[in-house]
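The structure presented is a predicted model; accordingly, all values stated were derived computationally and were not measured. Note on naming: letters A, B, ... go to the chains in the order of the sequence lines (proteins, then strands), and numbering restarts at 1 for each one.
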2 protein chains.
Amino acid sequence: MASRKDVAKLAGVSPASVSYYVNKNGYVSKKTGDKIQKAIDELQYVPNQIARSLKIKNTKQLLFLCNDIRNPFYSQLVYRATKSAANLGYTILFSSVVDNEDYINKILSYQVSGVFASNNKMDVKQINKIAKAQVPVVLLRDLDWDDLDSSVSLIKVDFSSIMKEIVTHLTENGCDSIHYISSSSINNLDAKAISFINAMKGKSFSIIEKVSATKEAHDTIYNTYKEKEDFPSSFVCTNDAVALGCIRAVIDRGLRVPEDVKVVGFDNTNISQYSNPEISTVDIDSEAIGDFAVNILLDKINGKKRDHKKIIPRLIVRKSSMK
Amino acid sequence: MASRKDVAKLAGVSPASVSYYVNKNGYVSKKTGDKIQKAIDELQYVPNQIARSLKIKNTKQLLFLCNDIRNPFYSQLVYRATKSAANLGYTILFSSVVDNEDYINKILSYQVSGVFASNNKMDVKQINKIAKAQVPVVLLRDLDWDDLDSSVSLIKVDFSSIMKEIVTHLTENGCDSIHYISSSSINNLDAKAISFINAMKGKSFSIIEKVSATKEAHDTIYNTYKEKEDFPSSFVCTNDAVALGCIRAVIDRGLRVPEDVKVVGFDNTNISQYSNPEISTVDIDSEAIGDFAVNILLDKINGKKRDHKKIIPRLIVRKSSMK
DNA sequence: CTGAAAGCGCTTACAG
DNA sequence: CTGAAAGCGCTTACAG
């Protein structure tokens, strides 16, 4: 591929002028500019962003670390972030984190301009290592980490209020036992699950751990209650896909939703909107989070301080949890 | 951040030796190696992949161009591709294509090692431009382009057989009119729609264009038939999300699925598996496509020739299209 | 307004 | 086994 040098030679000017022209900084006379443009067109010259990055120390790439892009919450987030970033001249490097010891080093080696981390596979130490290497970091996380590097910006979803709202809603609709299906494990509960437990203070509940997909949810719930006489009067599920599987398990057990058992999901995906019965769910504006992530990252790249951001989820009551 | 030079100085060796040691090529004595390792640990040295890329002319980044990552078909594909690529030391740069004239130049400027294009916003000329710049390209596409650069590898999904299978299935189950809901526009039908038309030779049908999401599908279908007495006896939908909206429209019209109207979707997402009624659909192994994309790209990067690849979809009959 | 030159951090033939 | 040196393609102070 043609380089700046080739263009300079063909145009009969110095390589420096080509740079000045291409980047529209420095002074280039109209005449020289025209000659350069002609050479660029002729050679189909495209500047090498890698060489540029090496020099200016900004790759204009934002690394997005997500647990599972197949989860609509994340795919929406990434979708929006990609657009926002593109508008600002940045590109999204996407990764589901690889549980590799060397992974952080690899990230660092790519010299990305910023990192958005929404995954639960990284610990404080790893995040801090990135931050200490002067790479701006935005974290989507709800639990506090005492020793988190102070340069990291947080986007927090306020689960505690919404969980209280859900519990109140279910209780008012006559549920005496509320069970929670969590994607995290009991040993290491995520913020959603913890908020649920807090909201249930004084009430009886149980938690089913490590369930995040529809089929898994169906099978686990069905099997858990197969031999038991009692069946819970309601379930709160970590996401809509799980809620869907949960409803199926209820039906397979010979019970009805919402008459016998009420179900609430999370994320307000079209699964919840169009399933039968329609599923009550929690809307968390993932597209807004995608936008915030990019904007905060860019502010940080440009040296501005940014505070934490709080996202307020919204309960959407549909048929699956009505009286 | 510490550079190779700093490590060399601290270890008391030459920068070249550090390179040889880090990349495990060239000879470095055990003693020198130990000194270098100590310095690396002390300085928390991470090699700069950007500088490396500039020199070796391989960024080890694969660009994935998809229409819409929110579509489960693509999110699964990307999910798997990310994993495959990571195993091979490559990273996925993700982009929903931006309809920007300069976009191809931007891609080229990033010096990516390979491009996977599955989107319908790029034309042959753009693809050819990438290919001509010596960047390996894999295209997910079913229609032929006569003037496609011969270096491009295709992954083709065989829609024509599966569409015939669907039509036969619906006809045998008593449907006398089959309507197709396409995400593409009538002026520029995609391979799925064209295969549908071919499969319908001699039968009557109609096509509703530019519908790709659940709500959109519901509203469009509902409104299209609101005033009419007749209602189609079956719908084939471009994806499961659309099929879901379609079923809703049927129900809102006061008809039943599958007794009065039969519906078939595409992609075998969990929407289809767990909706009520369960939706007949077509399984296209998007994870396999993700794997193929990465593997073919890597072979091409390593100078091997690769042929086209054909993917055979599979009809999954569920309740929504049964007698 | 334009160009020669230093330098970003690396790799790798080559000489010793 | 090790190091000095050229070079990847760019940017940008600096001198003219």
For Val18(A) and for Gly33(B), find the nucleotide of DNA chain D with the closest heavy atom, then tell me which residue's nucleotide is more 5'. Gly33(B)

Taking the six-membered ring for Trp, are Phe94(B) and Phe64(B) closer than 6.0 Å centroid to centroid? no

Lys38(B): which residues meet the salt bridge (charged side-chain N to carboxylate O under 4.0 Å, His left out) condition with it, sequence neighbours left out? none

How many Å lie between CG on Asp34(A) and C1' on dT2(C), as a whole number? 16 Å

Atom-to-atom span, CG of Leu108(A) to P of dC10(C) - whole angstrom: 12 Å

Gln111(B) CD - dC8(D) P separation (whole Å): 14 Å

With a 4.0 Å cutoff (strictly under), does any side-chain N or O of Lys57(A) reach OP1 or OP2 of dG9(C)? yes

Round to the nearest Å and state the distance from Asn58(B) atom CG to dT12(C) atom P. 11 Å

By side chain to side chain contact (heavy atoms under 4.5 Å, CB included), which residues pair with Leu10(B), not counting sequence neighbours? Ala39(B), Glu42(B), Leu43(B)

How does DNA chain C read in dot-bracket, base by base from 5' to 3', with Watson-Crick or G-U pairs under 3.5 Å and | used when the partner is on another strand? |||.||||||||.|||

Give every pair of a protein N or O atom and an N or O atom of nucleotides 13-16 of chain C that lie under 3.5 Å apart, one pair per line with the distance.
from	atom 1	to	atom 2	distance (Å)
dA13(C)	N6	Tyr20(B)	OH	2.3

Tell me whether Ser109(B) contacts the main-chain N or O of Gln49(A) through its side chain, where contact means a donor paired with an acceptor under 3.5 Å. no

Set of residues satisfying side-chain hydrogen bond (donor to acceptor under 3.5 Å, both in side chains) with respect to Arg80(A), sequence neighbours excluded: Glu287(A), Asp291(A)

Quickly work out the Lys5(B) NZ to dA6(C) P distance and round it to whole Å. 14 Å

Rounded interatomic separation in angstrom, taking NZ from Lys9(A) and C1' from dG3(C): 16 Å

Residues two or more places apart in sequence or in another chain: which of them pass side-chain hydrogen bond (donor to acceptor under 3.5 Å, both in side chains) with Lys55(B)? none

Could you pull out all residues at least two apart from Ser151(B) that satisfy side-chain hydrogen bond (donor to acceptor under 3.5 Å, both in side chains)? Asp149(B)

Partners passing side chain to side chain contact (heavy atoms under 4.5 Å, CB included) against Lys83(A) (at least two apart in sequence or in another chain): Tyr79(A)

Give Ser19(A) one of three labels, base, sugar-phosphate or nothing, depending on what nucleic acid heavy atoms sit under 4.0 Å from its own. base

Between P on dC10(D) and OH on Tyr110(B), what's the gap in Å once rounded to a whole number? 15 Å

First of Arg4(A) and Lys30(A) reached from the 5' end of DNA chain C, by closest nucleotide: Lys30(A)

Does Lys55(B) make a side-chain donor-acceptor contact with the base of dG7(D), cut-off 3.5 Å? yes

Which pairs, with at least one residue in residues 127-148 of chain A and sequence neighbours excluded, count as a salt bridge (charged side-chain N to carboxylate O under 4.0 Å, His left out)? Asp144(A)-Lys156(A)

List the residues meeting side-chain hydrogen bond (donor to acceptor under 3.5 Å, both in side chains) with Ser153(B), not counting sequence neighbours, and say none if there are none. Lys300(B)

Can you identify which nucleotide, out of dT12(C), dG3(C), dT2(D), has its nearest atom closest to the Ser17(A) side chain? dG3(C)

Does any residue of residues 43-53 of chain B have a heavy atom under 4.0 Å from DNA chain D, and if so, which ones, in number order? none

Is it true that, when you exclude Lys9(A) itself, more than 12 heavy atoms of the residues, nucleotides or ligands shown sit nearer than 6.0 Å to its NZ? no

Is the distance from OP1 or OP2 of dG3(D) to the nearest side-chain N or O of Ser14(B) less than 4.0 Å? yes

Among residues at least two apart in sequence or on other chains, which ones pass side chain to side chain contact (heavy atoms under 4.5 Å, CB included) with Ser212(A)? Ser183(A), Glu216(A)

Measure CD1/Ile56(B) against C1'/dA6(D) and give the value in whole Å, please. 18 Å

How is Leu54(B) classified with respect to the nucleic acid when contacts are heavy atoms under 4.0 Å: base, sugar-phosphate, or nothing? base

Mind checking if Ser29(A) touches a base, just sugar-phosphate, or nothing, with heavy atoms under 4.0 Å? sugar-phosphate

